[in-house]
*Asks:* 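Let me begin by handing over the structure; questions about it come next.
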Amino acid sequence: MTLSENTVHLMERRARLLGPNVSTFYEDPVHIVRGEGVWLWDAQGRKYLDCYNNVPHVGHCNPRVVEAIREQASTLNTHTRYLHEGILDYIERLTATMDDSLSTAILTCTGSEANDIALRMAEGMTGKRGIIATDATYHGNTALVSQLSRSNVPEVGFGLDQFFRFAPAPDSYRNPDETGTLFADAVAEQIDALNKTEHGFAALVVCPFFLNEGFPNLPDRWLKPVADVVRKAGGLLICDEVQSGFGRIGTHFWAHRKMGVVPDIMVLGKPMANGHPVGAVVTNADTMAAFRTKFRYFNTFGGNPVSCAAAMAVLDELQDHNLMAHAKDVGDHARARLNKLQGKYDFIGDVRGSGMVFGAELVLDRDSKTPASDFTDRVINEMRQRGIIHSKLGRHKNTLKIRPPMPFTKDNADMLFDVLDDVLANTPLTS
């Protein structure tokens, strides 16, 4: 593929100013200059349907969020060592959507920071440092948290990898575990392994929707057996809801409720403030007290008044426009369209999702279920050329990742799948 002169110039500047290997999407990277709702525009004025970005949760450049940022930024922005009602009002509003035990929070700038704090909270409560995660996930990129991220394993471990063990991520397509007991047994095995070391077992960290693992189709309450195992062993359950929260799955505001558990610690990030950098760790009063006593923590920008105003505006939009119910309605329609495509194309092995997370796993054939990873790449790049932005994920990077902003409509979904149908019909399965 021949890239435009402008694209080559920008890529060269990125390499010079940001360093090598800074990731971009697509063989022909998109130069985005404007966004509105579910739409993006590139530097040439071409319009794209955004079927990927969950960060602008209530739509790109949402007017309510923009105005909340403008108004607060024109009044005051400072850190939390000064008293300010904004952070208190927001945490009260946020925790009101959760179980009563989840009553306190720390606001950060990113989900990575939040996960880093969550691991320290687990150590503060248990006195132990051993952590278990799934073997195909991503939880962030601090020096500590990056060791959890099997989808993007760092080359340098800093010696921190000794604290982590991994259980196989659920795969409802190839290895159904309808009750969750096989996963619980795998976690129990890793707990035993950690308890034979000097580190012991502190916590299990999971995305309750296993979104980076390809969001397998799991029945309600599927996580309860593993939560029981974790608690029996004296550990904490950490639910990373950076991607799965705020009504995205349609049936529940938080995915852990669908999975039948209440976490000891909950981590939030990406969509909290519609692109303004906000993350959070939510927990119970005892865990928070243990953390505050044993670790001195302060974040200059976390929970600043502008961030809290933006985050509060997101909650207002979700409530006033009933976007969780909207996500379920559109998601049901989207999966119905995908099921029709599955009936037409043998290489669509599995259709899955809930609410405004949906996709399909592409395979070379349904009998062997061999991942069609290269084919998936070609499909995604061709969709980009047709004005549709989405991506891929999962252990084999062969599951279409469709995770649009919450205002995404059935008409938007129809446009997406009409184009996808044409691309699938005209893209060879093997190169």
Side-chain angles (χ1 to χ4, degrees), residues 99 101-102 118-119 122 125-126 128 130-139 148-151 163-197 199-241 243-245 249-252 254-267 349-355 357 359 361 363 369 371 393-396 399:
D99 187 86
S101 64
L102 297 169
L119 299 188
M125 278 299 286
T126 65
K128 300 175 182 179
I131 303 294
I132 298 170
T134 55
D135 66 349
T137 190
Y138 176 79
H139 290 290
L148 290 171
S149 302
R150 299 295 91 184
S151 64
F163 302 114
F164 300 103
R165 298 291 187 277
F166 300 93
D171 185 340
S172 58
Y173 181 42
R174 292 174 179 80
N175 303 298
D177 178 9
E178 294 298 329
T179 63
T181 55
L182 295 178
F183 182 63
D185 290 344
V187 170
E189 183 178 342
Q190 296 306 318
I191 291 174
D192 289 342
L194 280 170
N195 282 334
K196 292 175 183 176
T197 72
H199 310 306
F201 169 60
L204 169 70
V205 183
V206 293
C207 167
F209 201 63
F210 298 94
L211 209 146
N212 275 306
E213 292 94 327
F215 48 96
N217 284 321
L218 303 173
D220 289 1
R221 302 184 64 78
W222 188 87
L223 274 175
K224 188 177 185 308
V226 78
D228 292 341
V229 166
V230 167
R231 265 76 181 250
K232 184 178 179 180
L236 275 59
L237 176 64
I238 301 173
C239 283
D240 181 340
E241 294 245 23
Q243 295 192 71
S244 59
I249 65 169
T251 58
H252 299 75
W254 305 110
H256 68 259
R257 285 185 163 167
K258 177 178 174 62
M259 292 292 99
V261 297
V262 175
D264 300 291
I265 303 171
M266 189 172 166
V267 175
D350 191 37
V351 171
R352 59 183 73 136
S354 179
V357 180
E361 183 166 347
V363 295
K369 301 180 181 179
L393 44 56
R395 184 189 304 278
H396 308 290
T399 299

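Positions are given from 1, in the same order as the sequence printed here.
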*Asks:* Using a 3.5 Å distance criterion without hydrogens, assess whether the side chain of N217 forms a donor-acceptor pair with backbone atoms of V351.
*Replies:* yes
*Asks:* Among I132, I191, L223, whose side chain to side chain contact (heavy atoms under 4.5 Å, CB included) with L204 holds?
*Replies:*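 Only match with L204 under side chain to side chain contact (heavy atoms under 4.5 Å, CB included): I132.
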*Asks:* Hey, are D228 and K224 close enough for a salt bridge, meaning a charged N less than 4.0 Å from a carboxylate O?
*Replies:*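 Looking at K224 together with D228, the answer is yes, because their closest N to O distance falls below 4.0 Å.
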*Asks:* Say whether, by atom type as modelled, one donor and one acceptor occur between the side chain of D177 and the main chain of L182 under 3.5 angstrom.
*Replies:*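 Judged by distance alone, yes, a pair lies under 3.5 Å.
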*Asks:* Look up atom CD1 in I131 and atom CG in L148, then write down how far apart they are to the nearest 0.5 Å.
*Replies:*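 CG of L148 is found 7.5 Å from CD1 of I131.
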*Asks:* State which residue, out of I238, T137, L237, fulfils the side chain to side chain contact (heavy atoms under 4.5 Å, CB included) condition with V206.
*Replies:*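 Of the listed residues I238, T137, L237, the side chain to side chain contact (heavy atoms under 4.5 Å, CB included) partner of V206 is L237.
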*Asks:* Counting N and O atoms only, with roles assigned by atom type, does the side chain of E241 sit under 3.5 Å from a partner on the main chain of H256, one being a donor and the other an acceptor?
*Replies:*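 Yes, E241 side chain to H256 backbone: donor-acceptor pair under 3.5 Å.
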*Asks:* Looking only at atom types and distance, does a side-chain atom of S172 sit under 3.5 Å from a main-chain N or O of L218, one as donor and one as acceptor?
*Replies:* no
*Asks:* Check this for me: does any side-chain nitrogen of one of R231 and D264 sit under 4.0 Å from a carboxylate oxygen of the other?
*Replies:* yes
*Asks:* Taking T251's backbone N and O only, do any of them form a donor-acceptor pair with K258's side chain (distance below 3.5 Å, no angle check)?
*Replies:* no
*Asks:* I'd like to check C239 versus W254 (side-chain heavy atoms, cut-off strictly below 4.5 Å). Are they in contact?
*Replies:*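 No, side chains not in contact.
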*Asks:* Spell out, as yes or no, whether a donor-acceptor pair under 3.5 Å connects the side chain of R165 to the backbone of F201.
*Replies:* no
*Asks:* Could you tell me how the ring of F209 sits relative to the ring of F215: parallel (under 30°), tilted (30 to 60°) or perpendicular (over 60°)?
*Replies:* parallel
*Asks:* In terms of side-chain geometry, is the basic nitrogen of R395 or D135 positioned less than 4.0 Å from the acidic oxygen of its partner?
*Replies:* yes
